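All values derive from a computational prediction rather than experimental measurement.
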Amino acid sequence: MGAQKSIHAGNAKIDLNVDFTHKLCAAMMFHPFRHAAGGWSPLSLVIGSLCIKHPNLFGKSEKLDLLWDKGLCDSNILITYRKPRPEWLSQHAFIIQHSISPEIGIHGIPVDNFSRSGSGGVNLCRLSAGVDLSEPASSNWSSKTSIKFEHVRPVNDDGRSVSRDLHGFPVTCSGGYQDSMVVLKQESRYAKANDHSFTRFSLQIEQGVPILSKWLIFNRFKFAASKGIRLGPAFFLTSLTGGSIVGDIAPYQAFSIGGQGSVRGYGEGAVGSGRSCLVANSELTIPLNPMLEGAVFLDCGSDLGSGRHVPGNPSLRHGKPGTGVGFGYGLRFKSHLGHMQVDFAVNAFQQRTLYFGFSNLS
């Protein structure tokens, strides 16, 4: 249940999109943990986006993109300005972003045998501005370097700034109401594919630059590797992701484990959170007809014993196990309208969870 409209105004293009389906399903599947101060409103169940694109802002092919996404409990505003450059030079993009979202992965409270995570009363309001430099692709490799200033302000469910969580532990590295940092990021990607298999690998390294004494100093790396192989009519996909962070760290910078994109069968962050993590996923899909596929999967993840090194140890205080295994089966439906995914997962505590996913809906 959605609506989409494109409007051309001079050289600018405006895309409007409103989608009721995802949030209505979420409202029926999960009990709400957050309530607006003014009460419930029908508009709170609407997820929408507004996209404005200008392909020739100053007459020299400069591109300006404005994107606004509104979710059930989150929002994101992204402004991107790109200048044209020869293909053999780095492509520049100037980016300003403001977002607010619940910090459930770290401060969320596990319920129903860790199958769901409720609000822990902490939300993150982020404001960032920086520059992205994308290097020309070479063979199967591509890379991007960025530097940005980031300001993080935790707020409670009523929108008021907070410095501590529900248990009285700091939610920032500074111990105050906000953190500031300059982050230098290097990202490299490798991709190779043919008719029978594909291989992908990405590595991200972030360095906090101490321009001022109170700004965060840290080094964080994250990797993701995946391999897909066709086995007759079936397709087998396996992936491994992980990372670690050293130096100054706020709880919201820890790695969270659990959820649909991590270990299925658990709520978001319900397995644990730590300075390090390792997550492995395997899935076998078998075609049932031209539009429908069946799937079986196995997920596992661990904080590698690093949960106790996160300031305030939110993982231990919320009773998270630190390791988790989930398995199950599902269906993948493909049509010209988009893709639908349904997964039924069971975690190590024998709790069952049903996931719905939609993508590329027109």
Side-chain angles (χ1 to χ4, degrees), residues 19 21-22 25-26 29 113-116 137 139-142 187-204 222-243 255-271 277-302 304 321 323-362:
D19 181 8
T21 306
H22 178 71
C25 289
M29 288 173 57
N113 285 330
F114 302 93
S115 64
R116 294 190 292 120
S139 184
N140 297 317
W141 286 93
S142 62
E187 182 176 1
S188 298
R189 293 179 178 271
Y190 173 84
K192 184 178 180 180
N194 55 44
D195 294 337
H196 304 286
S197 66
F198 73 83
T199 303
R200 295 173 186 164
F201 177 78
S202 67
L203 176 65
Q204 298 178 6
K222 182 179 180 180
F223 73 90
S226 60
K227 179 72 174 180
I229 304 174
R230 187 166 299 281
L231 304 173
F235 192 81
F236 178 72
L237 172 64
T238 183
S239 63
L240 182 68
T241 60
F255 295 93
S256 65
I257 309 164
Q260 188 171 9
S262 177
V263 181
R264 283 163 285 190
Y266 292 82
E268 183 180 351
V271 173
C277 78
L278 197 63
V279 176
N281 310 94
S282 296
E283 181 171 298
L284 179 67
T285 57
I286 302 173
L288 303 178
N289 61 47
M291 300 179 63
L292 186 65
E293 293 180 337
V296 292
F297 59 85
L298 173 66
D299 303 332
C300 57
S302 171
L304 303 178
T323 60
V325 177
F327 62 93
Y329 54 88
L331 294 174
R332 312 286 184 262
F333 178 77
K334 300 179 181 180
S335 73
H336 64 281
L337 296 177
H339 296 175
M340 183 179 73
Q341 176 175 326
V342 180
D343 285 332
F344 178 81
V346 181
N347 65 19
F349 300 92
Q350 303 303 310
Q351 184 68 39
R352 298 168 176 83
T353 306
L354 189 64
Y355 297 96
F356 292 91
F358 303 88
S359 63
N360 300 324
L361 290 175
S362 59

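Atom NE2 of residue H196 and atom CZ of residue R230 lie 9.0 Å apart, to the nearest 0.5 angstrom. Summarising the geometry, atom CG belonging to L278 is positioned 7.0 Å from atom OG1 belonging to T241; distances are rounded to the nearest 0.5 Å. Between R116 atom CZ and E268 atom CD the span is 13.5 Å, to the nearest 0.5 Å. For the atom pair K334 NZ and L292 CG, the distance stands at 10.5 Å (nearest 0.5 Å). For the atom pair NE2 (H339) and CZ (F333), the distance works out to 10.0 Å, reported to the nearest 0.5 Å. To the nearest 0.5 angstrom, Q341 atom CD is 4.5 Å from D343 atom CG.
Taking each heavy atom of R332 and V342 in turn, the nearest pair found is NH1-O, 3.5 Å. Minimum interatomic distance between G243 and F223 (heavy atoms only, all atoms of both residues): N-CE2, 4.4 Å. Nearest heavy-atom pair across S239 and S226 is CB-CB, 3.9 Å. The shortest non-hydrogen separation linking I229 to S197 is CA-CB, 4.2 Å. Looking at every heavy atom in both residues, A345 comes nearest to G265 through CB-N, 3.5 Å.
Atom NZ of K192 is surrounded by 12 or fewer heavy atoms from other residues, nucleotides or ligands within 6.0 Å. By the neighbour-count criterion of 12 heavy atoms within 6.0 Å, atom OH of Y329 is sparsely surrounded, having that number or fewer from other residues, nucleotides or ligands.
Note: Y266 and F114 have tilted aromatic rings, judged against thresholds of 30 and 60 degrees for the angle between ring planes.
Side-chain atoms of S302 come within 3.5 Å of backbone atoms of L304 as a donor-acceptor pair (strictly under, hydrogens ignored). Judged by distance alone, the side chain of N347 and the main-chain N or O of G324 form no donor-acceptor pair under 3.5 Å.
For the pair R264 and F297, the distance from NZ or CZ to the six-membered ring centre is under 6.0 Å and the angle to the ring normal is within 45 degrees.
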Verdict with reasoning, S188 to F201, per side chain to side chain contact (heavy atoms under 4.5 Å, CB included) | CA-CA 8 Å; S188 298; F201 177 78; over 6 Å; no
Give the C-alpha distance, both sets of side-chain angles, the deciding distance and a yes or no for side chain to side chain contact (heavy atoms under 4.5 Å, CB included) between L331 and L288.
-> CA-CA 9 Å; L331 294 174; L288 303 178; 4.1 Å; yes
Evaluation steps, side chain to side chain donor-acceptor pair (under 3.5 Å), between E283 and N281 = CA-CA 7 Å; E283 181 171 298; N281 310 94; over 6 Å; no
R352 and S115: side chain to side chain contact (heavy atoms under 4.5 Å, CB included), yes or no, with the steps?
-> CA-CA 7 Å; R352 298 168 176 83; S115 64; over 6 Å; no
Audit row: I257, V263, side chain to side chain contact (heavy atoms under 4.5 Å, CB included) steps and yes/no = CA-CA 7 Å; I257 309 164; V263 181; 4.0 Å; yes
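With sequence neighbours left out, V325 forms a side-chain contact (heavy atoms from CB on, under 4.5 Å) with L298, C300.
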